[in-house]
There are 2 protein chains.
Amino acid sequence: MSTSVYTPGQVSEETGFSLDTLRYYERIGLLEPIGRNAAGQRRFTQEDIGWLGMIRCLRDTGMPIAEMLRFAELVRKGEHTIPDRIALLEAHDRRVEAQVGNLREKQTAIRNKIGYYRSVSC
Amino acid sequence: MSTSVYTPGQVSEETGFSLDTLRYYERIGLLEPIGRNAAGQRRFTQEDIGWLGMIRCLRDTGMPIAEMLRFAELVRKGEHTIPDRIALLEAHDRRVEAQVGNLREKQTAIRNKIGYYRSVSC
DNA sequence: GCTTGACCTGGAGCCGACTCCAGGTGGGAT
DNA sequence: ATCCCACCTGGAGTCGGCTCCAGGTCAAGC
């Protein structure tokens with residue numbers, strides 16, 4: 001089993017994060033220091049990519065970076081923080097739920113507006 | 001029928017926009033110039049409040065201010081822009097739909113993660 | 001053996017959307 | 001009368017989250 005690694009370009013391609021964003025995330029500690037080859041270039045592992053997938057989920061659901069940092073720290077501190085991680089993710093899940101609810105509600109209003117415009121213009 | 005007006009404080013209370021945000025929106029032209037009393041203080045009409053409700057919907061569903069400005073201009077230009085307004089709102093509605101879909105998808109992943117953590121820690 | 005292109009660094013810049021500030025005015029309740 | 005509080009203005013500041021830049025290093029293909 002080859003311990004395959006990925007170049008920044010490949011990771012950017014795969015995760016949708018820009019090269020700058022990947023470097024930025026490493027700088028602020030959202031990613032642990034990424035491994036390097038002899039020339040000092042980053043080589044991401046499968047695990048890094050998995051973690052970036054998690055980051056992607058949290059970002060896309062509106063979690064601020066500050067909170068993702070807290071989550072990252074919990075992960076680093078080891079297994080005994082799993083209950084805390086669950087709590088954090090559950091709280092976030094509730095916010096996502098609320099977000100969807102709010103979105104749906106506002107969407108209905110927008111659709112009503114469209115309907116109104118249609119009734120006026122026809 | 002009294003043409004009732006509202007103070008900035010009341011409008012802020014009712015719409016959830018801060019006083020500064022209300023002034024900001026007027027400055028950038030998202031609100032038309034708000035009426036004033038003798039002392040130069042703003043007095044919002046029911047219509048202003050209705051428009052702010054629309055703004056609230058669009059903001060909360062992620063429309064950038066630049067696009068709300070375009071919409072505001074259409075509204076100002078009169079009835080003949082109604083088809084354009086419909087088009088704009090429909091495009092936005094599609095984005096909202098996509099947003100909800102993405103949110104749901106990511107939420108599922110987060111819930112799976114929670115489930116995984118539970119399976120590990122129990 | 002040279003070019004090309006992907007990568008490196010530290011630091012500055014940008015963008016959207018507010019938010020705050022200083023210094024000033026006016027009006028209603030006590 | 002006086003106090004206080006809500007309001008006013010123009011302009012500066014903040015914040016989150018990237019994004020860009022200059023100047024440099026390697027590696028591989030032609």
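What you see below is based on every heavy atom in this structure, not just the backbone, and it leaves out hydrogens, waters and symmetry mates. To find a chain, count down the sequence lines: A is the first, B the second, and so on, and within it residues start at 1. These figures come from a predicted structure and were not determined experimentally.
Contacts between residues 27-63 of chain B and DNA chain C, defined by a heavy-atom separation under 4.0 Å, are made by R27(B), A39(B), R59(B). Residues from residues 6-14 of chain B with heavy atoms under 4.0 angstrom of DNA chain D, sorted by number: T7(B), P8(B), G9(B).
A salt bridge does not link R85(B) with E73(B): every distance from a Lys NZ or Arg NE/NH1/NH2 to an Asp or Glu carboxylate oxygen is 4.0 Å or more.
When the side chain to side chain donor-acceptor pair (under 3.5 Å) test is applied to E105(A), no partner is found at least two apart in sequence or on another chain. Considering only residues two or more places apart in sequence or on other chains, D20(B) meets the side chain to side chain contact (heavy atoms under 4.5 Å, CB included) condition with S18(B), R23(B). Not counting sequence neighbours, the partners of I28(B) by the side chain to side chain contact (heavy atoms under 4.5 Å, CB included) test are Y24(B), Y25(B), L30(B), I65(B). Shown here are the side chain to side chain contact (heavy atoms under 4.5 Å, CB included) partners of R111(B), two or more places apart in sequence or in another chain: D93(A), E97(A), Q107(B). Y6(A) is linked by a ring pair (Phe, Tyr, Trp, His ring centres under 6.0 Å) to nothing, counting only residues two or more places apart in sequence or in another chain. E90(A) is linked by a side chain to side chain contact (heavy atoms under 4.5 Å, CB included) to I86(A), R94(A), I114(B), R118(B), counting only residues two or more places apart in sequence or in another chain.
Other members of the cluster containing V5(B) do not exist, because no ILVMFWY side chain is joined to it at under 4.5 Å.
The residue F17(B) sits apart from the nucleic acid: no heavy atom pair falls under 4.0 Å.
Applying the salt bridge (Lys or Arg N to Asp or Glu O under 4.0 Å) rule to pairs touching residues 38-51 of chain B yields E26(B)-R42(B), sequence neighbours excluded. Each ring pair (Phe, Tyr, Trp, His ring centres under 6.0 Å) pair with one or both residues in residues 66-86 of chain A, not counting sequence neighbours, appears once here: W51(A)-F71(A).
Boundaries of the chain A contact region on DNA chain D are dG17(D) to dC26(D), first to last in 5' to 3' order (nucleotide atom under 4.0 Å from a heavy atom).
The phosphate of dC20(C) has neither OP1 nor OP2 within less than 4.0 Å of any side-chain N or O from Y24(B).
With hydrogens and angles ignored, no donor-acceptor pair under 3.5 angstrom links the side chain of D20(B) to the base of dC18(C).
Between the CG atom of L22(B) and the P atom of dC20(C) there is a distance of 14 Å, rounded to whole Å.
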